[in-house]
Colleague: 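Following this message is one structure expressed as structure tokens.
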Amino acid sequence: MGRRRALGAVLAGAFLLAGCGTGPSQVGTAAVVDGQVTTIDQVQALLDRAVQEQPYARQLATRHQLDLVGREIVRQKLLHEVVVKAAQKEGISVDEATVTEAMQQDPLASPVPEAVTQDQSAAVTQLVWRLRDHREAVTDQYLQQRIALKYLPTLAVNFDYTSIGAPTSESQAPSIDPKVARGQAIAKAEEYAANPGAIQSDIRGGAQGNVGQQAPALSSPQDAATVLFGVPANTAIAFQPNPASAPTWWVTAVVRKRSTDAKVATDQVQQPTAAQLGAIGVRMLQPYVGNVDFKINPRYGVWDAVGMNLAPSAAEVTGVAVPLRGGGAPAQQ
């Protein structure tokens, strides 16, 4: 009972804090997810409702940024199907009593809190929660948090990495253009995928980075929500650890091992916040995205496995995840 109440409290806190044709290439279709069609008209109706009901949506409208909301509507349509399948595979079921308890004071009944609007990504996510069936949205968050709680005690990764454009010890950004840093990091990931030993040669040659790193999810919940913890072993990745505050900083890594089968021994446990728990849960869905058959109208972007999000275009994805040649890791969609 105590664990159920605690999860219910965390679940509620996460919200406060934190047309014809069968494919999306056909006019009128926004997305098809496991055969379920979402039309552009349906997305537009939700956008219209958002502007009518949500002050934050009106702010976005004045800044001509409602495309962010449309993209998030489609993203949540996809992730809903993914989390349902993932929960079934993981043997996790919905505790209806916990969800009912969270819904007694519907956390989505009020507008997006002003404090949340300082983080645009979080605010857009919460805005779309409020446009959906509230119980379904709450249930999705519950399942994501349960999945995160299942993996946190056992999840660890071993990896080698190099870094480009990292802030200095004085928190000063290096003099490299963010686009140049992005291009270099992605090129390095492709290089390391083709030749996994190249990363060790780069580090011996003076590149910033290290080899043989081990990171338990329990020690760094913030990092556990990144692609580093979502890809299988034998994958080269490039991503930004903190794009908002360090736009030039990219990490390129080769994940050598990903363990989930035994509790990790560490004396540096950090308790995740409600927002971190939700983000980790979303990241743990990454291996399951391929189990869902989906097509997205390019109007709403392309799937970005690194960001677990829809990017506006293929040129704007937030990184790459590339299987090592002959390494046996499946490609990330």
Side-chain angles (χ1 to χ4, degrees), residues 65 67-68 71 75 120-121 157 159-211 213 215 222-223 225-256 258 279 282-283 286 289-290 296 298-327 329-333:
Q65 291 182 312
D67 59 311
L68 299 175
R71 199 172 298 127
R75 172 183 178 262
Q120 185 177 76
S121 177
V157 292
F159 61 98
D160 308 330
Y161 78 95
T162 58
S163 179
I164 297 172
T168 66
S169 57
E170 292 79 24
S171 298
Q172 295 178 341
S175 56
I176 183 172
D177 182 82
K179 291 183 179 179
V180 172
R182 181 183 190 276
Q184 290 180 359
I186 291 175
K188 278 296 178 185
E190 296 284 357
E191 177 187 346
Y192 296 158
N195 179 12
I199 190 170
Q200 291 146 338
S201 298
D202 281 352
I203 292 170
R204 285 195 298 269
Q208 184 178 7
N210 213 332
V211 298
Q213 299 294 289
Q222 182 174 350
D223 291 336
T226 70
V227 67
L228 181 65
F229 284 80
V231 296
N234 300 315
T235 304
I237 58 175
F239 70 104
Q240 289 181 284
N242 197 336
S245 62
T248 65
W249 182 22
W250 283 79
V251 168
T252 303
V254 175
V255 178
R256 304 291 184 180
R258 182 179 188 265
V282 170
R283 178 56 62 188
Q286 186 172 345
V289 173
I296 306 297
R299 170 175 180 164
Y300 299 99
V302 299
W303 180 246
D304 174 11
V306 172
M308 287 298 288
N309 205 344
L310 289 173
S313 69
E316 298 171 85
V317 294
T318 56
V320 295
V322 189
L324 304 191
R325 305 297 186 262
Q332 295 292 306
Q333 295 190 22

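All residue numbers in this chain count up from 1 along the given sequence. As the structure is a computational prediction, the values presented were derived from the model and not from experiment.
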Colleague: If I take atom CD1 from residue Ile186 and atom CD1 from residue Ile164, how far apart are they, to the nearest 0.5 angstrom?
Modeller: 10.0 Å

Colleague: Taking the side chain as C-beta and beyond, is there a heavy-atom pair between Trp303 and Leu310 under 4.5 Å?
Modeller: yes

Colleague: When you compare the side chain of Arg256 with that of Asp160, does any pair of heavy atoms fall below 4.5 Å?
Modeller: yes

Colleague: If you compare all heavy atoms of Gln240 against all heavy atoms of Ala246, which two are closest, and at what distance to 0.1 Å?
Modeller: NE2-O, 4.2 Å

Colleague: Let me confirm one number: the OG1-CD distance from Thr226 to Gln286, rounded to the nearest 0.5 Å.
Modeller: 9.5 Å

Colleague: Are Gln213 and Val211 close enough that some pair of their side-chain heavy atoms sits under 4.5 Å apart?
Modeller: no

Colleague: Heavy atoms, side chains only, cut-off 4.5 Å: are Phe239 and Thr318 in contact?
Modeller: no

Colleague: Is there a donor-acceptor contact under 3.5 Å linking the side chains of Asp202 and Tyr192?
Modeller: yes

Colleague: Would you check if Leu228 and Ile237 make a side-chain contact, meaning some heavy-atom pair closer than 4.5 Å?
Modeller: yes

Colleague: Determine whether Asp304 and Glu316 make a side-chain contact, defined as any pair of heavy atoms from C-beta on separated by less than 4.5 Å.
Modeller: no

Colleague: Please report the closest heavy-atom contact between Thr252 and Ile199, naming both atoms and the distance.
Modeller: O-CD1, 4.1 Å

Colleague: Are Val322 and Glu190 close enough that some pair of their side-chain heavy atoms sits under 4.5 Å apart?
Modeller: yes

Colleague: Please name the pair of heavy atoms, one in Pro178 and one in Thr248, separated by the smallest distance, quoted to 0.1 Å.
Modeller: CG-CG2, 3.9 Å

Colleague: Around atom CD of Gln222, are there more than 12 heavy atoms from other residues, nucleotides or ligands closer than 6.0 Å?
Modeller: no

